[in-house]
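Here's the structure, in structure tokens; my notes come after.
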Amino acid sequence: MLKKKLPDMDLMQIARSGQCFRMEEKQEGIYALVAFGKYLEIGQEGDVFSFSCSEQEFQEIWRNYLDLDTDYGIIKASVDPGDPYLTEAARLGWGIRILRQELWEMIITFLISQNNNISRIRRSIELLCRTLGEDRTAENGRQYDTFPGPEAIVRGGMAVLKTLGLGYRDKYVYRTAQAVLEGTLNLEELKRADYEEAHRRLTAQYGIGRKVADCICLFGLYHIEAFPIDTHVKKILEVHYPLGFPHDKYRGYGGILQQYMFYNDLNEKLYRTARIVV
DNA sequence: TTACAGGTCCGGA
DNA sequence: TCCGGACCTGTA
């Protein structure tokens with residue numbers, strides 16, 4: 001078991017920050033995730049983490065995936081102390097990192113997320129992977145499913161998508177998979193594009209509006225200047241920033257601050273009922 | 001029963 | 001450019 005001491009990271013906070021829907025707590029303090037076709041378990045005790053992979057795989061895949069070369073301490077320290085709301089949000093979400101997840105998975109995930117609730121999003125994605133993903137076995141014997149590529153989704157067709165509880169989003173998923181296969185939506189070009197160009201191309205796709213495009217840019221392309229405004233963030237901005245959020249102060253990485261705010265809003269009920277000890 | 005979920009599309013003003 | 005209604009479906 002590989003052990004690492006890592007700063008500014010908390011698995012529960014990452015799992016509850018709304019950026020990933022497949023990260024699952026297997027036991028107390030042990031989380032499982034699937035990415036790049038691989039299965040990983042991470043255990044956390046304070047700032048010491050154990051990984052169910054080799055040092056080589058950690059360096060090749062997970063170090064980047066967990067965004068470990070970004071110093072979140074600097075980001076948190078840049079928060080204006082005269083901004084009590086953001087200061088508190090960053091304090092409570094101190095262990096959030098932006099995972100560098102796979103672009104295709106983020107496109108489909110956030111297409112499904114629209115006008116939807118988190119438990120149903122998770123359920124739909126789990127079903128999607130179980131139905132159309134590849135069934136694999138990890139080195140420790142765990143069974144897991146990969147996230148299905150565009151080929152698998154088109155092969156399954158609308159008939160299979162209808163069984164996943166996606167509602168009216170099923171046609172968005174299908175047509176996006178088609179667009180990637182046909183080359184209308186080129187993922188490699190999307191990865192090379194800057195934020196504005198990527199956002200423009202994404203919103204041109206049927207079913208992807210501003211908000212979903214921003215989520216894809218932030219979580220699938222690591223354009224951390226993207227600042228998705230959903231119902232939660234919209235409410236936060238109305239209440240705490242009636243004169244507008246000070247984007248100029250945090251130019252280039254607003255998306256990370258948005259995550260602190262989003263996490264805070266999503267989980268404040270849990271904090272209030274003291275189910276999570278801060 | 002109605003409202004709400006990490007919205008988008010579409011038609012009309 | 002802006003606005004309102006429709007939209008799948010599960011949960012409270």
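Lettering follows sequence order; numbering is per chain, from 1. Since we're looking at a predicted model, the values are computed, not measured.
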Can [X] and [Y] be counted as an ion pair, charged N to O under 4.0 angstrom?
X: A/E45; Y: A/K5; value: no
X: A/K211; Y: A/D214; value: no
X: A/D67; Y: A/R97; value: no

Side chains of [Y] and [X]: any donor to acceptor distance under 3.5 Å?
X: A/Y39; Y: A/S52; result: no
X: A/Q258; Y: A/Y260; result: no
X: A/D135; Y: A/Q143; result: yes
X: A/Q56; Y: A/S54; result: no
X: A/Y222; Y: A/N64; result: no

From C-beta outward on [X], which listed nucleotide comes closest to its side chain: [options]?
X: A/R123; options: C/dG10, C/dC8, B/dT8; result: C/dG10
X: A/F219; options: B/dG6, C/dG10, B/dC9; result: B/dG6
X: A/R120; options: C/dG10, B/dG6, B/dT8; result: C/dG10

When the distance from [atom1] of [X] to [atom2] of [N] is rounded to whole Å, what number comes out?
X: A/K234; N: B/dC4; atom1: NZ; atom2: C1'; result: 14 Å
X: A/K235; N: B/dG6; atom1: NZ; atom2: P; result: 9 Å
X: A/D214; N: B/dT8; atom1: CG; atom2: C1'; result: 14 Å
X: A/R122; N: C/dG10; atom1: CZ; atom2: P; result: 18 Å
X: A/N117; N: C/dC8; atom1: CG; atom2: P; result: 17 Å
X: A/K211; N: B/dC9; atom1: NZ; atom2: P; result: 13 Å
X: A/N115; N: C/dG4; atom1: CG; atom2: P; result: 17 Å
X: A/K162; N: C/dC8; atom1: NZ; atom2: P; result: 7 Å

Could you measure between the two [atom1] atoms, the one in [N] and the one in [M], and give it in whole Å?
N: B/dG6; M: C/dG5; atom1: P; result: 23 Å
N: B/dT8; M: C/dT11; atom1: C1'; result: 23 Å
N: B/dC9; M: C/dG10; atom1: C1'; result: 23 Å

Contact class for [X] vs. all strands (heavy atom < 4.0 Å): base, sugar-phosphate, or nothing?
X: A/G167; answer: base
X: A/I118; answer: sugar-phosphate
X: A/F262; answer: base
X: A/S17; answer: base
X: A/G165; answer: nothing
X: A/Q205; answer: sugar-phosphate

Contiguous pairing runs of three or more, Watson-Crick or G-U under 3.5 Å, that involve DNA chain B: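 Output for stems: B:2-5 with C:9-12, B:7-13 with C:1-7.
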Return whichever of A/I208 or A/H232 has its heavy-atom-nearest nucleotide of DNA chain B closer to the 5' end.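 The residue whose closest nucleotide sits nearer the 5' end is A/H232.
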Can you find a side chain N or O atom of A/T231 that sits less than 4.0 Å from OP1 or OP2 on B/dG7?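 Yes, such a contact exists.
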I need the single residue from A/W104, A/F219, A/Y172 that forms a ring pair (Phe, Tyr, Trp, His ring centres under 6.0 Å) with A/F110. Which is it?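 Only match with A/F110 under ring pair (Phe, Tyr, Trp, His ring centres under 6.0 Å): A/F219.
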Residues within residues 168-186 of chain A bordering DNA chain B, heavy-atom distance below 4.0 Å: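 Only A/Y168 qualify.
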I want to check a possible cation-pi pair here: A/R100 against A/Y65, using under 6.0 Å from ring centre and within 45° of the ring axis as the test.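 Cation-pi check for A/R100 and A/Y65: fails.
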Parallel, tilted or perpendicular: rings of A/Y85 and A/Y241 (30°, 60°):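 Aromatic pair A/Y241/A/Y85 classed perpendicular.
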